[in-house]
Amino acid sequence: MRNLLPFISSHPGGRSALTCRFRCGDACFKETPNTSDNEYAGDIIAGAVSRRSMMRAAAVVTVATAAGTAALTGPSAPQAEAVALAGHGHQPGHPHKPAPSGARGLRFSPVAPNKDDKVTIPDGYAQNVVIRWGEPILRGAPAFNPDKQTAKAQAGQFGYNNDFLSLLPLRGERGRQVMVANHEYTDEILMFRGYDPANPTREQVEIAWAAHGLSVVVVQEENRTGKLGPVNRHPLNRRLTATSEFRMTGPAAGSTLLRTSADRSGRKVLGTLNNCAGGTTPWGTTLHGEENFNQYFANGTTDMHKRYGIGTSVTERKWERFDRRFDLAKEPNEANRFGWVVELDPYDPDSTPRKRTALGRFKHEAAQPRLTSDGRPVVYMGDDEKFDYLYKFVSSKRMKKGNSRAAREHNLTLLDEGTLYVAKLSGDSPVTEIDGSGKLPDDGEFDGSGVWIPLATGTTSHVPGMTADEVYVYTRLAGDKVGATKMDRPEDVEPSPRTGRVYVALTNNSDRGKAGKPGADEANPRNSNKHGQILELAENWDDPTSDGFAWRLFLVAGDPDDPATYFAGFPKESVSPISCPDNVAFDAHGNLWISTDGNALGSHDGLFGVATHGDRRGELKQFLTVPAGAETCGPVIQDRRVLVAVQHPGEIDGASVEKPASVWPDGPGKIVRPSVVAVWRKDGRDIGV
């Protein structure tokens with residue numbers, strides 16, 4: 001057995017200090033906002049040693065049926081052939097390597113872990129940069145010039161640090177699609193020459209405001225390849241920034257908790273901030289989660305500001321010097337207007353995007369809907385903070401089919417009425433078998449049951465002592481009060497379009513098990529969790545409106561040679577190493593694709609595919625890696641194309657415009673630029689078949 005891959009950073013996962021500083025305001029090095037004394041799963045498990053209720057058993061049966069017997073017994077003998085394809089044993093391109101095998105959709109030679117300053121892809125595949133930060137997409141916007149940036153120019157150019165991506169069809173324009181991208185945050189040190197963090201200029205701040213938000217850009221496919229490129233100045237192209245108008249909708253819209261001196265209605269907000277993962281709705285809109293919004297607000301004054309991670313002093317970017325709304329001593333409610341799910345209609349460039357209060361306010365990471373049998377959307381959501389919670393929203397309205405104006409107007413109200421829930425999980429193994437090491441309990445799985453606890457329905461609160469407005473605006477506090485389960489940073493949450501199973505990326509939690517902090521439990525089985533895990537959830541009776549579910553850990557990430565890892569029972573010598581799962585997506589074959597954020601195993605971040613059913617369930621293969629300092633975001637998996645957002649390339653401690661730590665994507669002497677990349681097979685066939 002080879003030595004374990006090294007753990008490379010004192011920061012969460014393998015992130016640089018620079019990334020922690022600008023992306024989340026060093027959240028992981030500050031006091032954990034959740035100091036509630038509600039039960040965590042370790043307490044609950046102690047009273048649940050033998051419990052396997054009928055409700056849970058029924059759901060587990062459906063999971064096992066969909067997954068196949070390999071979920072419990074491991075793969076059959078022929079799968080030993082996959083050892084050569086593990087990605088961390090034999091290198092791609094080995095002359096004696098057999099043709100790629102694996103689950104359908106994953107038949108490619110996996111990329112080996114590496115630290116190359118490029119996007120590394122499998123043999124037989126090609127790539128191109130679709131669009132870079134600063135490329136003009138609106139009429140009148142100039143070509144990008146890093147030494148002559150202006151706020152006006154940036155407002156017409158592709159924004160910075162692309163994250164979530166969505167590709168939607170564009171009827172009547174052959175070979176074209178509508179791409180929507182989130183722009184999570186700015187790193188001014190890598191944007192501006194000679195940047196002085198203590199004294200940013202107004203122009204630099206206004207450029208940063210314009211570089212945040214969302215981009216809508218039509219892309220054109222090149223004939224006979226998978227290459228994509230932007231259609232500049234297309235009528236649907238659009239930029240939404242930190243100063244664009246957004247509308248609050250739903251049951252808390254107009255609440256006194258959302259009113260400010262500039263907006264006494266509590267319904268009109270300027271901007272969207274720190275948009276991370278998101279979702280694409282069945283009715284043709286996109287959803288965008290406002291995540292680490294707390295870092296933009298200075299001088300927090302209340303316990304509720306503290307519960308949301310807002311500091312009591314100045315901010316990193318000093319925006320409060322240039323706009324009073326970012327100073328909570330002057331505008332204490334302004335922060336309440338961020339931390340929502342934003343819905344955008346990319347087909348209507350004149351529409352005002354909506355912040356959906358019915359979905360609750362927290363550090364949203366993802367919002368991917370599925371439909372009930374009668375057509376009502378159910379949205380699953382994670383709160384990306386150590387020891388925070390998993391949520392879902394069940395709409396009370398049914399989706400109308402078709403593209404008529406009446407149908408579209410109706411569907412744009414679906415996320416304003418319904419019930420918001422938070423998850424409470426329990427395990428079925430004795431607490432003594434969960435020792436914090438990641439060792440499997442005697443029954444061979446980390447699994448259990450759970451309940452969805454209702455928080456609010458419309459104007460009715462289900463949380464004692466809180467009004468409905470308070471539940472929506474202070475959703476974290478509502479979760480505290482009802483005893484939700486403290487999780488290891490719930491990030492992207494995606495239901496499988498084939499099976500309905502819900503997959504939750506739990507990225508990491510280095511604080512689990514520390515003095516005064518919750519210890520390991522069956523859903524979060526490792527103390528000092530550096531590598532994260534993925535949870536698989538099955539609603540009772542496969543009904544997404546159910547108030548109960550079964551769960552199991554599908555993956556426990558890390559070096560496969562580490563006994564504390566688990567790959568759904570698949571032989572660990574036959575999988576790629578993975579650390580810090582973040583964004584997830586599905587392909588047409590039902591495989592789960594996972595992008596990573598902060599790989600703590602000594603390799604660059606990457607994109608991985610894993611089979612979720614059949615006799616290769618748990619077979620995980622690395623598809624690509626990204627350049628130095630970068631994170632893999634926003635995967636879109638189409639039949640013949642994969643898209644990823646390469647976020648914060650070159651964001652390594654000590655780097656600057658003058659001293660770049662990466663030369664991607666344009667080579668030496670050029671400024672490092674976050675970009676979107678497309679990958680396709682050279683022979684034109686489907687990915688991985």
Side-chain angles (χ1 to χ4, degrees), residues 23-25 27-28 30 32-36 38 164 182 184 248 250-252 255 257-258 269 272-279 287-297 300 302-310 333-343 355-368 379-393 415 418-424 452-456 461 463 466 468-493 504-507 509 582:
R23 181 177 180 179
C24 60
C28 290
K30 297 175 181 176
T32 302
N34 190 352
T35 59
S36 65
N38 60 298
F164 167 75
N182 282 356
E184 186 173 3
M248 307 295 301
S255 167
L257 300 174
L258 300 177
V269 181
T272 184
L273 297 173
N274 212 267
N275 298 95
C276 199
L287 304 179
H288 309 268
E290 296 182 317
E291 191 189 8
N292 292 300
F293 65 90
N294 57 297
Q295 65 176 304
Y296 301 95
F297 294 95
T302 69
D303 288 342
M304 201 54 64
H305 289 156
K306 184 177 180 180
R307 179 64 181 91
Y308 278 82
I310 296 169
N333 280 352
E334 184 67 26
N336 295 347
R337 293 141 66 83
F338 296 84
W340 303 98
V341 170
V342 177
E343 184 170 12
K355 297 194 178 188
R356 301 298 193 186
T357 64
L359 275 63
R361 174 177 166 267
F362 42 88
K363 290 187 179 181
H364 278 280
E365 174 92 20
Q368 181 56 51
V379 183
Y380 298 91
M381 303 169 286
D383 185 350
D384 184 11
E385 189 89 68
K386 294 177 181 178
F387 304 117
D388 262 295
Y389 309 132
L390 175 66
Y391 299 86
K392 80 171 178 180
F393 169 82
L415 300 185
T419 300
L420 179 65
Y421 298 85
V422 70
K424 185 170 185 175
W452 292 109
I453 304 172
L455 299 178
S461 168
V463 181
M466 296 184 73
D469 283 0
E470 290 170 335
V471 168
Y472 295 120
V473 178
Y474 304 138
T475 310
R476 282 184 165 180
L477 182 61
D480 296 344
K481 284 182 174 290
V482 301
T485 299
K486 299 180 178 181
M487 304 297 287
D488 286 350
R489 289 186 57 205
E491 296 219 27
D492 207 349
V493 187
V504 184
L506 301 163
T507 297
N509 186 349
D582 187 350

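Quick note: residue numbers are just sequence positions, from 1.
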Test item: Lys486 and Tyr389 side chains (from C-beta on) under 4.5 Å apart, heavy atoms | yes
Between Tyr308 and Tyr474, what is the ring plane arrangement, given parallel below 30°, perpendicular above 60°, and tilted in between?
-> tilted
Within the distance-only criterion (no hydrogens, no angle test), does the side chain of Arg476 pair as donor or acceptor with the backbone N or O of Arg307 below 3.5 angstrom?
-> yes
Mark yes or no: Arg361 above the aromatic ring of Phe293, with NZ or CZ under 6.0 Å from the six-membered ring centre and no more than 45 degrees from the axis.
-> no
Among Val379, Leu359, Leu415, which one satisfies side chain to side chain contact (heavy atoms under 4.5 Å, CB included) with Val341?
-> Leu359
The single option from Asn275, Val342, Asn274, Thr272 that satisfies side chain to side chain contact (heavy atoms under 4.5 Å, CB included) with Asn182 is Asn275
Straight-line distance of Glu365 CD to Asp582 CG, nearest 0.5 Å | 5.0 Å
From Ser461 atom OG to Met466 atom CE, the distance as rounded to the nearest 0.5 Å | 7.0 Å
Backbone N/O of Arg337 and side chain of Lys355: donor-acceptor pair under 3.5 Å = yes
Residues forming a ring-ring contact (aromatic ring centres under 6.0 Å, His included) with Phe338, sequence neighbours excluded | Phe297
Could you go through the side-chain contact (heavy atoms from CB on, under 4.5 Å) check for Thr357 and Met248 one step at a time?
-> CA-CA 7 Å; Thr357 64; Met248 307 295 301; 3.6 Å; yes
Could you tell me whether the side chain of Gln295 reaches within less than 4.5 Å of the side chain of Leu273, counting heavy atoms only?
-> no
Could you give the distance from CD (Glu343) to NE2 (His288), rounded to the nearest 0.5 Å?
-> 8.5 Å
Rounded distance [0.5 Å steps], CE in Met487 versus OG1 in Thr507 | 11.5 Å
Any Leu420 side-chain heavy atom under 4.5 Å of Trp452 side chain = no
Is any side-chain N of the basic residue among Asp388 and Lys363 closer than 4.0 Å to the acidic one's carboxylate O?
-> no
One should read off an interatomic distance between Lys386 NZ and Leu506 CG, to the nearest 0.5 angstrom, of 14.0 Å
Report the residues that fulfil ring-ring contact (aromatic ring centres under 6.0 Å, His included) with Phe362, sequence neighbours left out, ordered by chain and then residue number.
-> His364, Tyr391
Return the set of residues passing side chain to side chain donor-acceptor pair (under 3.5 Å) with Asp492 (not counting sequence neighbours), or none when no residue passes.
-> none
Under 3.5 Å, is there a donor-acceptor pair between the side chain of Thr475 and the main chain of Gly360?
-> no
Evaluate the salt bridge (charged side-chain N to carboxylate O under 4.0 Å, His left out) criterion for residues Arg489 and Asp384: first the C-alpha distance (whole Å), next the side-chain angles of each, then the deciding distance (0.1 Å), finally the verdict.
-> CA-CA 5 Å; Arg489 289 186 57 205; Asp384 184 11; 2.8 Å; yes
Side-chain contact, heavy-atom cut-off 4.5 Å: Trp340 with Val473?
-> yes
Output for pair (Glu184 CD, Asn292 CG), nearest 0.5 Å, gives 6.5 Å
